[in-house]
Peer 1: 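Attaching a single structure in structure tokens format; questions to follow.
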Amino acid sequence: MQAALTIDLSAIIDNWRALDALSGPQVETGAVIKADAYGLGAATVGPALAKAGVKRFFVAQAEEAVALREALGPAPEIYNFSGLMAGDDEAIIKHGMIPVLNSATQVKAFAKAHAGHPCGIQLDTGMNRLGMEALEAASVALDIAALKPDLVMSHLACADEPLHPMNASQLAAFNAMSFAMPASRKALGATGGILLGAPFHFDLTRPGIGLYGGEPFKNARPVVQLDLPVVQVRDVLPGEAVGYGAAWVATRPSKIATVSSGYADGILRAAKGFSLYAGTTPCPVVGRISMDLITVDVTDLPAVPPILSLLNATQTVDVLAQKAGTIGYEILTSLGSRYRRRYTGA
Ligand SMILES: *Cc1c(COP(=O)(O)O)cnc(C)c1O
């Protein structure tokens, strides 16, 4: 029996609507579904969002754009953050991918090979990851003007920290750099940028994590439920150890449930001090996480249910992330391929 990952499509759609409602009616809200919709399945999440009204989608690689086009059909726009890379021509020509060009080299190559096809421009406003700085953009200003970009965008480095001075400095840089650009639309904010307020919204926003129920969108509806089946239950005497490294030793007569799923399924071995849930009752995970298995102290349960849940409305991806010293994004995108995936809602 496989562990089951339940993905609530109506929660994703509600989260998109809630984020959309945070910006004015003239601001369009897109959807970022890179990395297979943050691990939740772009081929299902994409069409559900398109049906709910999303017209612009964002991915990180041309291969993702091609797969998404297959799922979405011809109408929605699909932008690729990595721009134009070797081998991407077919994605542009055959699948209508819109590359967000990141460098003068990409602009020149695109102008030569794909003039007349829509493109975006990414500006670097301080994150130093992708995009052109002011001088580099100026060096290809004529090419950019001729391409008439569909989109000019940049990305915020610290939007999850509302008081961080980078937010204001990147906003000022984006306003200055995009001012004279002949783009149809401008975009700066992802989930965090939407929450920073109207000056960060421009014409189009690009939420990702908030759609999938993660912080910094605190009011998100939880999207995933992860249920793990109990393989066996055993009695352990005081002084006996459980799991690799004999890292946990019972101090009382204990009942230990061994549950199917482990670090091969994205349950990070670094996670410490978390529980599996029998309904609403937390049962502490004890011992090390194995590749395929987890051991759980169920001594205090009156009866051991056949299934214990790891992710639910109480233990959200962000709660679990905190126990593993990481972020909800990494928990979601680590969820493995061995789960039986079930979609509800929508
Ligand atoms: C991943 C990404 C987003 C979405 O960010 P979230 O924090 O998940 O909302 C938006 N824009 C760019 C450029 C990204 O790389």
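In listed order, ligands and their atoms are each counted from 1.
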Peer 1: Against heavy atoms of Tyr38, which atoms of ligand 1 measure under 4.0 Å?
Peer 2: 1 (C), 4 (C), 5 (O), 6 (P), 8 (O)
Peer 1: For Met153, counting its heavy atoms only, list the atoms of ligand 1 lying under 4.0 Å from any of them.
Peer 2: 13 (C)
Peer 1: Taking side chain to side chain contact (heavy atoms under 4.5 Å, CB included) as the criterion, tell me which of Asp88, Leu101, Val100, Val66 meets it with Asn80.
Peer 2: Asp88
Peer 1: Could you check if a side-chain atom of Phe57 sits within less than 4.5 angstrom of a side-chain atom of Val45, using non-hydrogen atoms only?
Peer 2: no
Peer 1: So which heavy atom in the protein is nearest atom 11 (N) of ligand 1, and how far is it from that ligand atom?
Peer 2: Arg206 NE, 3.0 Å
Peer 1: Purely on distance, is any nitrogen or oxygen of Gly208 under 3.5 Å from one on ligand 1?
Peer 2: yes
Peer 1: Thr191 heavy atoms, cut-off 4.0 Å: which ligand 1 atoms fall inside?
Peer 2: 6 (P), 9 (O)
Peer 1: Take Phe58 and Phe81 through the ring pair (Phe, Tyr, Trp, His ring centres under 6.0 Å) test and state the conclusion after the steps.
Peer 2: CA-CA 7 Å; Phe58 295 86; Phe81 290 138; 5.3 Å; yes
Peer 1: If I apply the N/O under 3.5 Å rule, does Gly210 come out as touching ligand 1?
Peer 2: no
Peer 1: Show your reasoning for whether side chain to side chain donor-acceptor pair (under 3.5 Å) applies to Asp124 and Gln122.
Peer 2: CA-CA 7 Å; Asp124 176 52; Gln122 175 146 206; over 6 Å; no
Peer 1: Who's the nearest protein heavy-atom neighbour of atom 5 (O) of ligand 1, and how far?
Peer 2: Ala190 CB, 3.3 Å
Peer 1: When Ile, Leu, Val, Met, Phe, Trp and Tyr are grouped by side-chain heavy atoms lying under 4.5 Å apart, directly or through other members, which residues fall in the same group as Met1?
Peer 2: Ile307
Peer 1: Could you tell me the residue and atom name of the protein heavy atom closest to atom 7 (O) of ligand 1, and the distance to it rounded to 0.1 Å?
Peer 2: Tyr329 OH, 2.6 Å
Peer 1: What do you reckon, are the aromatic ring centroids of Tyr329 and Tyr212 less than 6.0 Å apart?
Peer 2: no
Peer 1: For ligand 1, is Arg129 a contact, meaning one of its heavy atoms is under 4.0 Å away?
Peer 2: yes
Peer 1: Just go through Lys34, Met127, Glu215, His155 and tell me whose heavy atom is the nearest to atom 13 (C) of ligand 1.
Peer 2: His155
Peer 1: I need the atoms of ligand 1 closer than 4.0 Å to a non-hydrogen atom of Pro207, numbered in the order shown.
Peer 2: 9 (O)
Peer 1: Given Leu335, which partner from the list Asp36, Asp265, Ile7, Leu226 fulfils the side chain to side chain contact (heavy atoms under 4.5 Å, CB included) test?
Peer 2: Leu226
Peer 1: Please find the pair of heavy atoms, one from Ala31 and one from Leu49, that lie closest to each other, and give the distance.
Peer 2: CB-CD1, 3.9 Å
